[in-house]
2 protein chains.
Amino acid sequence: MSAAADTAERILDAAAELFATHGYAATTTRAIAERAGVNEVTLFRRFENKRGVLHALAERMGRRQAGRAAASAPPTDDVRSTLLGFARMEIASALEEGGLAMRLAFDARSVPEIAELLGEGLPDNLGGLAEYMAERQATGDLRDDIDPRVMAEAFFGLTSSYVMYRQVMGAADVPTDVETDQGIEQLFDLFWSGAAVKERA
Amino acid sequence: MSAAADTAERILDAAAELFATHGYAATTTRAIAERAGVNEVTLFRRFENKRGVLHALAERMGRRQAGRAAASAPPTDDVRSTLLGFARMEIASALEEGGLAMRLAFDARSVPEIAELLGEGLPDNLGGLAEYMAERQATGDLRDDIDPRVMAEAFFGLTSSYVMYRQVMGAADVPTDVETDQGIEQLFDLFWSGAAVKERA
DNA sequence: TGGCGTAGCAAGTGCTTGCTTGCATCCTAG
DNA sequence: CTAGGATGCAAGCAAGCACTTGCTACGCCA
């Protein structure tokens, strides 16, 4: 990586850390520059604005998220493992960069430029998952006496609660490897036992 | 209510609204005063500090929470209805004043004075519920192959997801009456089907 | 009627913020 | 070897922030 590209990257890394812990508004450009080991002026020369930093960061997050989705296992007929894989991916995304995405989602309420930036992503996630749930209710893989939107909400509730207690409240350890973490499977199993069609014993 | 007590109350109302939507740091004393229809100086005469406003607000929230707890049904032997009642109370608390409590929990990471203020409350909730879960596992009311802490986490995940999608993301309507809302019961039922000991059909 | 508590208003202080300017320095490609 | 781009440094600016001061006006009870 060229030296110039490296400074830009270091600035984005620093911004990601600080935005995640202190929020966008409470993070100063001076603090970002200092953490990046860079003069504050360099930040402005690179990104023009504080907004510019945010935009570049959002782009980078989008690129990585796309990469993760492409690398993950494609959906199969096995509903349980499809959903479990999706849960792991969701959690990995949310844990990425210290819970940055979740923090920004919160900040969107008070910072309009963040609201614009994230506006579409999340509702789409919820709606898309609800659609999948509805399909699987029709095929008899999921119980059909619960509104698919409620089900999708519960699913995201589990994944986001996993992240919240770790990142936001700092109550538990962050797993070293999301792909194999047992806690996630237990949590998911709780959801799954409730959502799947009961097997007759 | 005396005129003086009324102004104080109006200031707290305004602060609650603004803290909930914009966060603590992003809310200016000027904005609070303006929304309360009060001169900014009056705010400082009443509460000394911006911190003073926060403290008074936290006290008021605590008083109301205590009131709600006292008014709610006492725990019974019926685990399902005890937990459902607890879920409703949790959700009612979180929805109170436009999701203020959740917003403050987020702000705690960047504003040390909020961290001090809330520091104890939440972990205690989680620990206390986990204890209850463990007891009920011992008595055979809940399945015992899942860590009670994970169970408690899932429980809070459901309640907080209910609040998050409504307040933070603004995705759905806030129910007029938490006590009777069907969505909560569906959501809870999803948890309950997963957490309860399977009945043999 | 007179004093006291509660409020408003105008102005200002010191600090932090995002952002700019001007100039000196370094590194590297040609 | 040299020109140009990337960086550092010192200084500063306008705006917004929490908070203060000094003064005036209203309403209420003795």
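A, B, ... follow the sequence lines: proteins, then strands. Residue 1 opens every chain.
Between B:Phe188 and B:Phe155, the two ring planes are perpendicular [angle over 60°; tilted spans 30° to 60°].
Among the atoms of the strands shown, base atoms are found under 4.0 Å from some heavy atom of B:Val41. Within 4.0 Å of A:Gly37, counting heavy atoms only, lie sugar-phosphate atoms of the nucleic acid but no base atom.
Closest to the side chain of B:Arg30, out of D:dG8, C:dT20, D:dC17, is D:dC17. Nearest to the side chain of A:Arg46, among D:dA6, C:dT21, C:dG18, sits D:dA6. With D:dA18, C:dC9, D:dT7 as the candidates, the nucleotide lying closest to the side chain of A:Thr7 is D:dT7.
B:Arg35 places none of its side-chain heavy atoms less than 4.5 Å from the side chain of B:Arg10. Residues A:Asp181 and A:Tyr162 are in side-chain contact: their nearest non-hydrogen atoms beyond the backbone lie under 4.5 Å apart. The side-chain heavy atoms of A:Gln186 and B:Met151, taken from C-beta on, include no pair separated by under 4.5 Å.
In this model, the phosphate group of D:dG8 is approached by a side-chain N or O of A:Thr42 to a distance below 4.0 Å at OP1 or OP2. Put simply, A:Asn49 has a side-chain N or O that comes within less than 4.0 Å of OP1 or OP2 on C:dC19. One finds no side-chain N or O of B:Asn39 lying less than 4.0 angstrom from the OP1 or OP2 phosphate oxygen of C:dA7.
Distance, B:Glu34 CD to D:dG16 P: 14 Å, rounded to whole Å.
Put simply, the side chain of B:Arg45 and the base of C:dG5 share no donor and acceptor less than 3.5 Å apart.
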